[in-house]
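Okay, structure first, notes after.
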Amino acid sequence: MTAPTKLPPSPADHPADALAGTPDAGSDGASGHLLHSPVIAWFDAHARDLPWRRPEAGAWGVMVSEFMLQQTPVNRVLPVYEQWLARWPRPADLAQEAPGEAVRAWGRLGYPRRALRLHGAAVAITERHGGDVPSDHAQLLALPGIGEYTAAAVASFAYGQRHAVLDTNVRRVLARAVTGVQYPPNATTAAERRLARALLPEDERTAARWAAASMELGALVCTAKNEACHRCPIAAQCAWRLAGKPEHDGPPRRGQTYAGTDRQVRGKLLAVLREAHGLVPQADLDRVWHEPVQRARALDGLVADGLVEPLPGGLYRLPLT
DNA sequence: TAAGCGTGGGA
DNA sequence: TTCCCAAGCTT
């Protein structure tokens, strides 16, 4: 039970009701939703001009951006996104490349398995969908590297469909504005999905607008730290703020360990492979980490993941197939 | 369900 | 410097 002790007297399983104008009022009618209208109006005035939001980006551009933005900040994605789309303007262009080229072009965005999966998705789109990014949520979900969030995001942003787009930004906005807590749970819960669905405007175009707007609000105003309530269009209705902004209790938010882990070693190994042009001898890889057991384990992991291709004679390269 | 998976910037 | 965080997915 994550509901705060003090909330408007609405049924616990239908918290959205508390925000509708009247119990039976449509959530997107001319009367406007208590959250939708101000957030969408704010978005119209303050949305960033990001390349994947421009019409010419197309569904492929949206999809590429969503892969790159999985756990990577916008500012770091921007230059790589531009180069990627210039080089591979359509899924089929990427599909005919070696997967290692995708890994190399991915650069330092992090989590390079995403590059491999994006390549795999491009192959699947070319083979199964005639080279066009599918608009169907289930077909998107079936592609490698696409989970619940990304499928909803592509369907909504690229095709204007009505889906609950529940990313970390939206989760935080809903946790605060509706549930009245500082942070959402570590893992997405059924209650959060229910709430996001309940808050979805009926009208398809409005729903898509709401998805982008609520996400942007979380990214620019309702941030994890140093939230800017004075710039928030729904500060007056925010349950968390009205409750006096109580600090997160409960279990500590899961942190990410990195220093000294296999992950760090994998990163160093792959950096060598990325920057090399020809085949890389084992000795060049051995130089990145002093501890041989962990080094070997990390390299084995990269091979197992398909990020590195081992060749006879102790040589390595990014995958050709 | 929880752990594993990169990288770099800002507080 | 250290810690926290950034449009998640997969197993």
Side-chain angles (χ1 to χ4, degrees), chain A residues 43 47-48 50-53 57 61-81 103 106-118 120-121 140-158 163-173 182-190 192 196 211-220 222-227 248 251-274 288-289 294 297-298 300-302 304-308:
Chain A
F43 185 64
R48 290 168 292 180
L50 299 170
W52 44 86
R53 286 180 178 159
V62 171
M63 183 174 145
V64 169
S65 77
E66 291 302 335
F67 270 77
M68 293 182 172
L69 289 164
Q70 289 168 4
Q71 301 283 277
T72 301
V74 166
N75 287 340
R76 211 176 316 157
V77 164
L78 284 168
V80 182
Y81 171 87
V103 174
W106 196 255
R108 302 181 151 279
L109 287 183
Y111 292 146
R113 292 195 286 199
R114 292 181 292 164
L116 226 43
R117 290 171 183 155
L118 180 52
L140 287 165
L141 200 53
L143 296 173
I146 293 192
E148 185 59 41
Y149 161 75
T150 304
V154 172
S156 181
F157 301 156
H163 292 281
V165 180
L166 202 51
D167 80 319
T168 187
N169 290 304
V170 176
R171 292 181 65 216
R172 189 173 52 248
V173 168
Q182 186 178 22
Y183 296 119
N186 279 335
T188 306
T189 63
E192 287 183 275
S214 55
M215 193 177 311
E216 188 78 337
L217 185 66
L220 297 184
C222 193
T223 47
K225 291 185 306 182
N226 303 319
E227 68 280 358
H248 176 78
R253 315 181 67 205
R254 198 177 77 219
Q256 310 162 333
T257 54
Y258 183 65
T261 61
D262 288 5
R263 226 185 327 184
Q264 184 182 21
V265 184
R266 288 166 56 108
K268 289 178 176 295
L269 290 170
L270 207 55
V272 173
L273 275 294
R274 268 201 315 265
V288 308
W289 198 254
Q294 186 177 28
R297 186 172 64 233
D300 285 349
L302 289 170
D305 288 346
L307 283 163
V308 173

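Just so we're on the same page: letters track the sequence lines, and every chain starts at 1.
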[X] has an atom [atom1]; how far is it from atom [atom2] of [N], in whole Å?
X	N	atom1	atom2	result
I146(A)	dA7(C)	CD1	P	19 Å
H248(A)	dC4(C)	NE2	P	12 Å
L140(A)	dC9(C)	CG	C1'	15 Å
R263(A)	dT10(C)	CZ	C1'	14 Å
L69(A)	dC9(C)	CG	C1'	15 Å
Q71(A)	dA3(B)	CD	C1'	14 Å
R48(A)	dA7(C)	CZ	C1'	9 Å
R266(A)	dA3(B)	CZ	C1'	13 Å

Within the structure shown, what part of the strands sits under 4.0 Å from [X] by heavy-atom distance: base, sugar-phosphate, or nothing?
X	answer
T150(A)	sugar-phosphate
R76(A)	base
V165(A)	nothing
L116(A)	nothing
W52(A)	base
A224(A)	sugar-phosphate
L270(A)	nothing

Q: May I ask you to evaluate whether R274(A) reaches the phosphate of dT7(B), defined as a side-chain N or O under 4.0 Å from OP1 or OP2?
A: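 Yes, within the criterion.
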
Q) For Q70(A) and dA7(C), is the shortest distance between a side-chain N/O and OP1 or OP2 below 4.0 Å? A)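 Indeed not, no polar side-chain atom of Q70(A) lies that close.
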
Q: Name the residue closer to the 5' end of DNA chain C, choosing between V74(A) and R117(A) according to the nucleotide with the nearest heavy atom.
A: V74(A)

Q: Please test Y149(A) against E66(A) for side-chain contact (heavy atoms from CB on, under 4.5 Å), starting from the C-alpha separation and ending with a verdict.
A: CA-CA 9 Å; Y149(A) 161 75; E66(A) 291 302 335; 2.8 Å; yes

Q: Among D167(A), T150(A), I146(A), find the one that has a side chain to side chain contact (heavy atoms under 4.5 Å, CB included) with Q70(A).
A: T150(A)

Q) How do A187(A) and L307(A) order along DNA chain B: which one's closest nucleotide is nearer the 5' end? A)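 In this pair, the answer is A187(A).
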
Min side-chain heavy-atom separation [X]-[Y] under 4.5 Å:
X	Y	answer
V288(A)	V272(A)	yes
V64(A)	M68(A)	yes
L78(A)	W52(A)	yes

Q) Under 3.5 Å, is there an N or O donor on one side and an acceptor on the other linking the side chain of T72(A) and the base of dG6(B)? A) yes

(Q) For dT10(C), does the base pair up with any side-chain atom of R113(A) as donor and acceptor (N or O, under 3.5 Å, distance only)? (A) no

Q. R108(A) side chain: which of dG8(B), dG6(B), dA7(C) is closest?
A. dG8(B)

Q: Taking only the side-chain heavy atoms of R53(A) (C-beta and beyond), determine which of dG6(B), dA7(C), dG8(C) contains the nearest atom.
A: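 Nearest to the side chain of R53(A) among the choices is dA7(C).
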
Q) Taking the same atom, P, in dC9(C) and in dG8(B), what whole-Å distance lies between them? A)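 Each nucleotide's P atom is 23 Å from the other's.
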
Q) In whole Å, what separates the C1' atom of dA7(C) from that of dA2(B)? A)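 Approximately 22 Å lies between the C1' atom of dA7(C) and that of dA2(B).
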
Q. What's the verdict on side-chain contact (heavy atoms from CB on, under 4.5 Å) for V308(A) and L269(A), showing C-alpha distance, side-chain angles and the deciding distance?
A. CA-CA 10 Å; V308(A) 173; L269(A) 290 170; over 6 Å; no

